[in-house]
Amino acid sequence: MIKQFRHAAALASLAGLVATAPVHAETYPAKPITLVVPFAAGGPTDVVARVLGAAMTKTLNQTVLVENRSGAGGTIAASYTARAAPDGYTFLIHHNGMATAPALYRKLPYNPLTDFEYVGQVIDVPMTLVGRKDLPAKDFPELLTYLKAQGDKVNLAHAGLGAVSHLCGVLLRQAVGANLTTVPYQGTGPAMTAILGGQVDLLCDQTTSTTPYIKSNSVKLFGVTTAARLKTLPDTPTLAEQGLKGFEMVVWHGMYAPKGTPKEAITKFGDALKAALKDPTVAQRMHELGAVIVPDAKQTPAGLQTWLAQETARYAPIIKAAGQFAD
Ligand code: ASP
């Protein structure tokens, strides 16, 4: 048994050596790069990843392959990335869920603050509270009346405990005092399909997914979650101006790699990300979807690492007050 153990340990250390073989800047990337998305295809995180992936493929002259690994509010994908070979060929795009998971999951199999290399922040995205087309409430005041009358008969879709759609739902429930029933999906792509099919009543989701449905009048729009109204939806009041004083949720996004990923790879991938965010086509697309590209100083490893630490500290008491663990 001991002999086998030694053999396995020797293989593991060899694998470790191979995995962290130095990346030579002039040849990296020598093969396609995987960009892990923690939610199902068709949702806002997936939309952003595919727009950036296509632009970065051109700059890196190598395919950036989007891989959807959904489940558990994004923690399945983060855990997978933390354990992936740190060879410069696996990256993760994730949002506030990276900061909320430590407070939500008592047995989180990774530490967001120590198990990753940080590439940089990407975009900030507002959220919108939308409802199925035939929901009997034409605006937010009528929705409040409906929620008070119907209580837990009203359901709200989300992308799993730890997803921002779930967090928005929890904050909404607290703010209006409504006992909404929440319904989890593998991402808010499938959740939006359920809204369009009339299977669920409400969804709080990023404009990077909801904008086309709002513009085509396929859903009811009750408000935006930002402190100020959006330039892309100027006639839509914020939830704060409609009585939910101080209600504010913005979805920020970061790019991560497994701890130990060579600096050359982080730098080259990060430079391609910055170039993508400066690409006029990408900038136009992000604008159309209500997304705000973060300033250059935030598009850096330090910019993301500092922000993540601050947000993790900020969310801890908020999640504790909500009194809901995911495991
Ligand atoms: N909007 C989802 C969430 O609530 C993420 C996604 O499906 O892209 O986190």
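All ligand and atom numbering here is 1-based and tracks the order in the structure.
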Original post:
Going by the order shown, which atoms of ligand 1 are within less than 4.0 Å of some heavy atom of Q206?
Top reply: 1 (N), 2 (C)
Original post:
Looking at G187, which atoms of ligand 1 are within less than 4.0 Å of one of its heavy atoms?
Top reply: 7 (O)
Subject >> Distance-only polar pair, side chains of T128 and T210, donor-acceptor under 3.5 Å >> reply: yes
Original post:
For ligand 1, is P44 a contact, meaning one of its heavy atoms is under 4.0 Å away?
Top reply: yes
Original post:
Do the rings of Y256 and Y118 sit parallel, tilted or perpendicular, given the 30° and 60° boundaries?
Top reply: perpendicular
Original post:
Does anything in residues 226-327 pair up under disulfide bond (SG atoms under 2.5 Å apart), and if so which pairs, sequence neighbours excluded?
Top reply: none
Original post:
So, N68 versus S70: side-chain donor-acceptor pair below 3.5 Å or not?
Top reply: no
**OP:** Could you tell me whether some N/O pair between D46 and ligand 1 is separated by less than 3.5 angstrom?
**Re:** no
Original post:
What part of H158, side chain from CB on, backbone N/CA/C/O, both or neither, has a heavy atom under 4.0 Å from ligand 1?
Top reply: neither
Original post:
Do the charged groups of R229 and E241 touch, with an N to O distance under 4.0 Å?
Top reply: yes
Original post:
atom 9 (O) of ligand 1: which protein heavy atom is closest, and how many Å away?
Top reply: H95 NE2, 2.6 Å
Subject >> Element-labelled atoms of ligand 1 that are located less than 4.0 Å from some non-hydrogen atom of S165 >> reply: 3 (C), 4 (O)
Original post:
Is the shortest distance from a Lys or Arg side-chain nitrogen in R132 or D201 to a carboxylate oxygen in the other one below 4.0 Å?
Top reply: yes
Original post:
Considering only heavy atoms of A159, which atoms of ligand 1 have at least one such atom less than 4.0 Å away?
Top reply: 2 (C), 3 (C), 4 (O)
Subject >> Any side-chain donor near an acceptor of the partner, S79 and R83, under 3.5 Å >> reply: yes
Original post:
Looking at atom 2 (C) of ligand 1, what's its closest protein heavy atom, distance included?
Top reply: T188 OG1, 3.3 Å
Original post:
Side chain or backbone of V164 under 4.0 Å from ligand 1, or both, or neither, by non-hydrogen atoms?
Top reply: both
Original post:
Just which atoms of ligand 1 are under 4.0 Å from any heavy atom in T45?
Top reply: 5 (C), 6 (C), 8 (O)
Original post:
How would you list all residue pairs meeting disulfide bond (SG atoms under 2.5 Å apart) that involve residues 126-205, not counting sequence neighbours?
Top reply: C168-C204
